[in-house]
Amino acid sequence: MIANLYPPCPQPELAMGLPAHSDHGLLTLLIQNDTVGLQVLHKDKWVNIHPIPNSFLANIGDHIEILSHGKYKSVLHRAVVNDRDVRISIALAHGPAADAAVSPAPMLLEDGQNPLAYRAMKYKEYVELQQSNKLDGKSCLEHIRNRGI
Ligand SMILES: O=C(O)CCC(=O)C(=O)O
Ligand SMILES: [Fe+2]
């Protein structure tokens, strides 16, 4: 579980609450107060996600992209700040077992799809890789992507 607190910022255009990234797990469930701040990259544009009261927002994480062999893409998102309101979000990450070595699920591959688009990696190593670097888009997924596929 990750709790994020974004205080008002006098110069929001100069700051970023959380840089662009995708989440490492399968699904992330996010709850947030009623302050806009989450943005999702859609068709090369950052789109504001307006909170819906009393709801969870579900984000697809990198391990759904890996398991589905790229059919379902993890969502690139970021959090911006504003100069008026405090924003709070709580993210609940769901992933495979820490020791599970994850690669695309064979039953989700189309006939003869080989080689695989992603190399197998233990989930805990993937999480460590993401946490030991600054958040940088989908760089972890790029790290295990097989070139030329
Ligand atoms: O504050 C938000 O809405 C985004 C939080 C987030 O992306 C994360 O904790 O991974
Ligand atoms: Fe996130």
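Atoms within each ligand, like the ligands themselves, are counted from 1 in listed order. What you see is a predicted model; the values in this text were computed from it and never measured.
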(message) Is Arg78 close enough to touch ligand 1? Criterion: a residue heavy atom under 4.0 Å from a ligand atom.
(response) no

(message) To 10 degrees, how wide is the angle NE2 (His21) to the Fe ion (ligand 2) to NE2 (His77)?
(response) 90°

(request) Considering non-hydrogen atoms only, spot the tightest contact between Lys73 and Ile60 and give its length. (result) O-CG2, 3.5 Å

(request) Could you verify whether a donor N or O on one side chain and an acceptor N or O on the other, from His63 and Asp23, lie under 3.5 Å apart? (result) no

(message) Is there a path of hydrophobic side-chain contacts, each under 4.5 Å between heavy atoms of I/L/V/M/F/W/Y residues, joining Ile31 to Leu92?
(response) yes

(request) Would you check, one step at a time, whether the test salt bridge (Lys or Arg N to Asp or Glu O under 4.0 Å) holds for Lys138 with Glu65? (result) CA-CA 11 Å; Lys138 293 177 77 163; Glu65 181 161 342; 2.9 Å; yes

(request) Using distance alone, with no hydrogens and no angle criterion, decide if Thr35 and Asp85 have a side-chain donor and acceptor under 3.5 Å apart. (result) no

(request) Starting from atom 8 (C) of ligand 1, locate the nearest protein heavy atom and write down its residue, its atom name and how far away it is, to 0.1 Å. (result) Leu18 CD2, 3.7 Å

(message) To make sure I understand the geometry: which N, O or S atom in Asp23 is closest to the Fe ion (ligand 2)?
(response) OD1

(request) May I ask you to identify the nearest protein heavy atom to atom 3 (O) of ligand 1, giving residue, atom name and distance to one decimal place in Å? (result) Arg87 NH2, 2.8 Å

(request) Mind listing the closest non-hydrogen atom pair of Ser22 and Leu76 along with its distance? (result) N-CD1, 4.1 Å

(message) I need the nearest protein heavy-atom contact for atom 9 (O) of ligand 1: residue, atom name and distance, please.
(response) Asn4 ND2, 3.1 Å

(request) Mark up the atoms of ligand 1 that fall under 4.0 Å of a heavy atom belonging to Tyr6, in ascending order. (result) 1 (O), 2 (C), 4 (C), 5 (C)

(message) Below 4.0 Å, non-hydrogen atoms only: which portion of Leu30 touches ligand 1? Side chain, backbone, both or neither.
(response) side chain

(message) Could you tell me, atom by atom, which parts of ligand 1 come under 4.0 Å of a heavy atom of Ala91?
(response) 9 (O)

(request) Would you check whether Gln32 has a nitrogen or oxygen atom less than 3.5 angstrom from a nitrogen or oxygen atom of ligand 1? (result) no

(request) Please answer: with hydrophobic residues joined when any side-chain heavy atoms are less than 4.5 Å apart, are Tyr72 and Leu26 in the same cluster? (result) yes

